[in-house]
Trainee: 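Dumping the structure here so I can ask a few things about it.
Residue numbering restarts at 1 for every chain, and letters A, B, ... go by the order of the sequence lines.
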There are 2 protein chains.
Amino acid sequence: MSRKTFQRLSLDDRRRSLMEATLTCVARHGLHGATVRRITEEAGVTVGLVRHYFGNKDDMIRNAYAYLVGQLTAQASESAKHTVAAPETQLARFLRANMTAPNMSEEKVSLWATFIGRVRHDADFAEIHRDGYREFLNVLETLIEPVLINHQRPHSIAACKRHAIALNGLIDGLWMEGALNSGLYGQDILPDLVIEASERLLGIPSGVLANAQPSQQPQSEVS
Amino acid sequence: MSRKTFQRLSLDDRRRSLMEATLTCVARHGLHGATVRRITEEAGVTVGLVRHYFGNKDDMIRNAYAYLVGQLTAQASESAKHTVAAPETQLARFLRANMTAPNMSEEKVSLWATFIGRVRHDADFAEIHRDGYREFLNVLETLIEPVLINHQRPHSIAACKRHAIALNGLIDGLWMEGALNSGLYGQDILPDLVIEASERLLGIPSGVLANAQPSQQPQSEVS
DNA sequence: TCATTTATTATACAATCGATTAATTACAAA
DNA sequence: TTTGTAATTAATCGATTGTATAATAAATGA
């Protein structure tokens with residue numbers, strides 16, 4: 001008899017709510033199980049709003065993917081910028097962050113992988129992926145360069161880029177397999193493992209990253 | 001008026017035909033676009049055979065995933081075993097194989113990623129993934145150990161396993177990002193890059209893998 | 001050559017999909 | 001309080017989904 005009571009949200013709030021519901025459903029049921037009805041139910045609204053805010057389902061999913069990549073790269077950038085620690089500490093913190101929660105979560109990896117499958121056939125997905133990848137590489141290069149300089153390693157732009165590509169591959173691969181946690185080893189070994197591996201990849205002395213101060217002082221009194 | 005003429009295949013042939021058609025459709029249209037009708041049309045049969053050979057669609061997809069992982073690990077194992085080259089050559093060949101076609105293909109990466117998204121919620125998918133991952137790690141450990149021994153590096157079981165995890169992460173990450181080819185760099189730089197990075201990760205002298213003989217003789221007359 | 005088996009086709013079915021439209025109602029402005 | 005706007009609901013549409021069943025024909029052995 002009575003209609004559902006509802007609240008009128010601002011355009012940004014409602015769109016974000018729908019995108020987050022979309023990600024939740026994709027993570028929970030996969031792309032083929034993320035139906036308009038399930039997504040809108042998750043968001044607490046009715047199906048008509050999809051058309052109203054995104055035109056159609058595909059566009060809503062595209063926007064949700066961009067939203068996800070934005071989150072992933074944002075937390076990557078954030079942990080890199082506007083910190084005043086030593087370069088070694090910054091890089092070490094960045095590496096550890098990618099090997100621990102909340103960055104390394106089964107849900108995020110599942111989402112990321114699920115969407116990757118569409119990059120081939122959808123130009124919008126490809127662009128979103130490329131932008132996120134570029135951003136991640138840039139952050140890595142920025143973090144790597146001063147560390148290389150500090151330890152008298154070659155640090156040309158080309159060298160930094162090459163190191164960033166390798167390091168990104170290492171992080172991506174471990175991030176994925178680690179989050180899926182096949183049970184072949186404990187996830188807790190990954191932070192130290194990626195730190196040690198990065199030291200070797202960059203050719204800097206062992207312990208430079210592992211012993212970097214996790215707190216704020218830029219390596220005072222290292223007797 | 002007339003029915004479609006058909007050929008009766010053996011159980012294995014028909015099942016394989018349907019699994020390959022499934023992979024083709026998933027790669028081409030994604031999981032949600034790989035419908036029973038499209039798959040069976042791709043295989044040149046009618047929809048009824050899905051029930052006859054797999055019971056239902058989900059079981060057919062599960063089998064197709066296992067078939068894919070089997071292919072991926074088989075070509076990895078194959079390039080490692082029953083070769084008589086030097087350990088350095090074997091490892092280098094394995095690394096290069098994973099950074100070049102046909103192993104590194106956009107289609108395989110897309111398929112792999114698409115299915116990864118289901119590992120979380122489907123125990124069968126999780127098991128298939130875990131088995132493939134374990135096999136890949138085993139192959140890597142087998143390849144790494146003699147190389148470490150040859151160059152007087154620590155080569156305990158634990159050390160080999162640790163190296164295998166790191167190397168596998170590096171390979172996985174570069175395999176994925178490389179195959180997707182975002183255009184930020186050429187795919188052709190990856191074979192040399194992964195070789196060089198692996199030398200550093202293993203702590204063996206530069207050039208040991210890069211200059212390993214790609215042909216069959218096990219390093220005769222080295223200067 | 002004929003009978004038997006079963007792989008395969010053809011068709012139908014209920015359920016669910018995304019999209020669309022018109023009727024409501026929450027909210028801000030007047 | 002009243003009015004106007006548009007965000008939201010509710011209901012419906014045709015298309016497509018996966019599954020089930022019966023009819024058919026290809027292969028096999030006697």
Side-chain angles (χ1 to χ4, degrees), chain A residues 1-26 28-65 114 118 121-122 124-125, chain B residues 1-26 28-65 114 118 121-122 124-125:
Chain A
M1 260 328 147
S2 64
R3 270 196 164 211
K4 172 187 177 188
T5 63
F6 61 91
Q7 199 177 1
R8 296 173 72 141
L9 291 192
S10 72
L11 187 137
D12 282 346
D13 286 345
R14 186 60 83 197
R15 280 175 63 95
R16 192 177 330 117
S17 162
L18 280 168
M19 290 188 293
E20 286 172 353
T22 300
L23 295 181
T24 299
C25 288
V26 172
R28 196 176 292 158
H29 307 104
L31 253 182
H32 77 290
T35 66
V36 168
R37 283 170 178 80
R38 254 206 274 254
I39 292 168
T40 51
E41 184 188 17
E42 173 73 24
V45 296
T46 54
V47 298
L49 286 197
V50 170
R51 175 176 167 81
H52 191 262
Y53 281 103
F54 296 97
N56 56 41
K57 179 193 177 185
D58 282 343
D59 270 327
M60 181 169 68
I61 290 186
R62 263 185 279 267
N63 278 276
Y65 179 47
T114 299
R118 301 199 63 165
H121 301 102
D122 189 309
D124 292 324
F125 274 79
Chain B
M1 260 324 150
S2 66
R3 272 194 162 212
K4 174 186 175 187
T5 63
F6 59 91
Q7 198 176 1
R8 295 173 73 139
L9 291 192
S10 73
L11 188 137
D12 282 347
D13 286 345
R14 186 62 81 196
R15 279 176 64 94
R16 191 178 329 120
S17 163
L18 280 167
M19 291 187 293
E20 285 172 353
T22 300
L23 295 180
T24 299
C25 288
V26 171
R28 196 176 293 158
H29 306 103
L31 253 183
H32 77 289
T35 66
V36 168
R37 282 169 178 79
R38 253 207 274 255
I39 292 169
T40 51
E41 184 189 18
E42 172 73 25
V45 296
T46 55
V47 296
L49 286 198
V50 170
R51 174 175 167 81
H52 191 262
Y53 281 103
F54 296 97
N56 56 41
K57 180 194 178 185
D58 282 344
D59 270 326
M60 180 170 69
I61 290 186
R62 264 185 277 269
N63 278 277
Y65 178 48
T114 299
R118 302 200 63 165
H121 301 102
D122 188 310
D124 292 324
F125 274 79

Trainee: Do Arg118(B)'s NZ or CZ and the ring of Phe125(B) fall within the cation-pi criteria of under 6.0 Å and 45°?
Mentor: yes
Trainee: Send over the distance from Asp58(A) CG to dG18(C) P, rounded to a whole Å.
Mentor: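 Roughly 9 Å, once rounded to whole Å.
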Trainee: Kindly give the heavy-atom pair with the smallest separation between Arg38(A) and Cys25(A), and that separation in Å.
Mentor: O-SG, 3.8 Å
Trainee: For the side chain of Arg8(B) and the base of dT6(C), is some donor closer than 3.5 Å to an acceptor across the two?
Mentor: yes
Trainee: Between Met60(A) (CE) and dG18(C) (P), how many Å, whole number?
Mentor: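 Atom-to-atom, Met60(A) to dG18(C), this comes out as 9 Å.
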Trainee: Using a 4.0 Å heavy-atom cut-off across all strands, classify Arg14(A) as base, sugar-phosphate, or nothing.
Mentor: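 Counting heavy atoms under 4.0 Å across all strands, the contact made by Arg14(A) is with sugar-phosphate only.
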Trainee: Of all the nucleotides listed (dA10(C), dT9(D), dC27(C)), which has the minimum atom distance to the side chain of Gln7(A)?
Mentor: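 My answer, after comparing the listed nucleotides, is dC27(C).
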Trainee: Checking contacts here: which listed nucleotide (dA26(D), dA10(D), dC17(C)) is nearest the side-chain heavy atoms of Thr5(B)?
Mentor: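 Looking only at side-chain atoms, Thr5(B) lies closest to dA26(D).
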Trainee: By the definition side chain to side chain contact (heavy atoms under 4.5 Å, CB included), identify the one residue from Leu49(B), Thr22(B), Thr40(B) that meets it with Met60(B).
Mentor: Thr22(B)
Trainee: Send over the distance from Ile39(A) CD1 to dC17(C) P, rounded to a whole Å.
Mentor: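 Rounding to the nearest Å, CD1 of Ile39(A) and P of dC17(C) are 11 Å apart.
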Trainee: Report the distance from atom CD of Glu41(A) to atom P of dC17(C), rounded to the nearest whole Å.
Mentor: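 Value for this atom pair: 11 Å.
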Trainee: Does either side chain, that of Asn63(A) or that of Arg15(A), offer a donor lying less than 3.5 Å from an acceptor on the other one?
Mentor: yes
Trainee: Looking for any heavy atom pair under 4.0 Å, which part of the strands does Leu11(A) touch: base, sugar-phosphate only, or nothing?
Mentor: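 Nothing: the residue Leu11(A), judged by heavy atoms under 4.0 Å, touches no strand.
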Trainee: Any donor and acceptor pair, going by atom type alone, linking the side chain of Arg14(A) with main-chain N or O of Tyr53(A) inside 3.5 Å?
Mentor: no
Trainee: What's the closest nucleotide to the side chain of Phe6(B) if the choices are dA10(D), dT8(C), dT11(C)?
Mentor: dT8(C)
Trainee: Treating Asp59(A) as the side-chain partner and Gly55(A) as the backbone partner, does any N or O pair qualify as donor plus acceptor under 3.5 Å?
Mentor: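 Looks like no, no N/O pair under 3.5 Å.
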Trainee: Let me know, please, whether Gly44(A) or Val36(B) comes out on the 5' side of the other along DNA chain D by nearest nucleotide.
Mentor: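 The 5'-side residue here is Gly44(A).
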Trainee: Between the main-chain N or O of Asp124(A) and the side-chain N or O of Arg62(A), is there a donor-acceptor pair closer than 3.5 Å?
Mentor: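 No: the side chain of Arg62(A) does not pair with the backbone of Asp124(A).
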Trainee: For Asp13(A) and dC27(C), what is the distance between atoms CG and C1' respectively, to the nearest whole Å?
Mentor: 15 Å
Trainee: NE2 of His32(B) versus P of dT16(D): gap in Å, rounded?
Mentor: 14 Å
Trainee: Report yes or no: is there a donor-acceptor pair, N or O only, under 3.5 Å between the side chain of Arg3(A) and the base of dT25(C)?
Mentor: no
Trainee: Of the nucleotides dG18(D), dT8(D), dT9(C), which has the atom closest to the Arg37(B) side chain?
Mentor: dG18(D)
Trainee: Using a cut-off of strictly less than 4.0 Å between a heavy atom of the residue and any atom of DNA chain D, enumerate the qualifying residues of residues 48-57 of chain B by number.
Mentor: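 Those residues whose heavy atoms fall under 4.0 Å from DNA chain D, taken from residues 48-57 of chain B in numerical order, are Arg51(B), Asn56(B), Lys57(B).
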Trainee: For Thr35(B), which contact category applies under a 4.0 Å heavy-atom criterion: base, sugar-phosphate, or nothing?
Mentor: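 Sugar-phosphate only.
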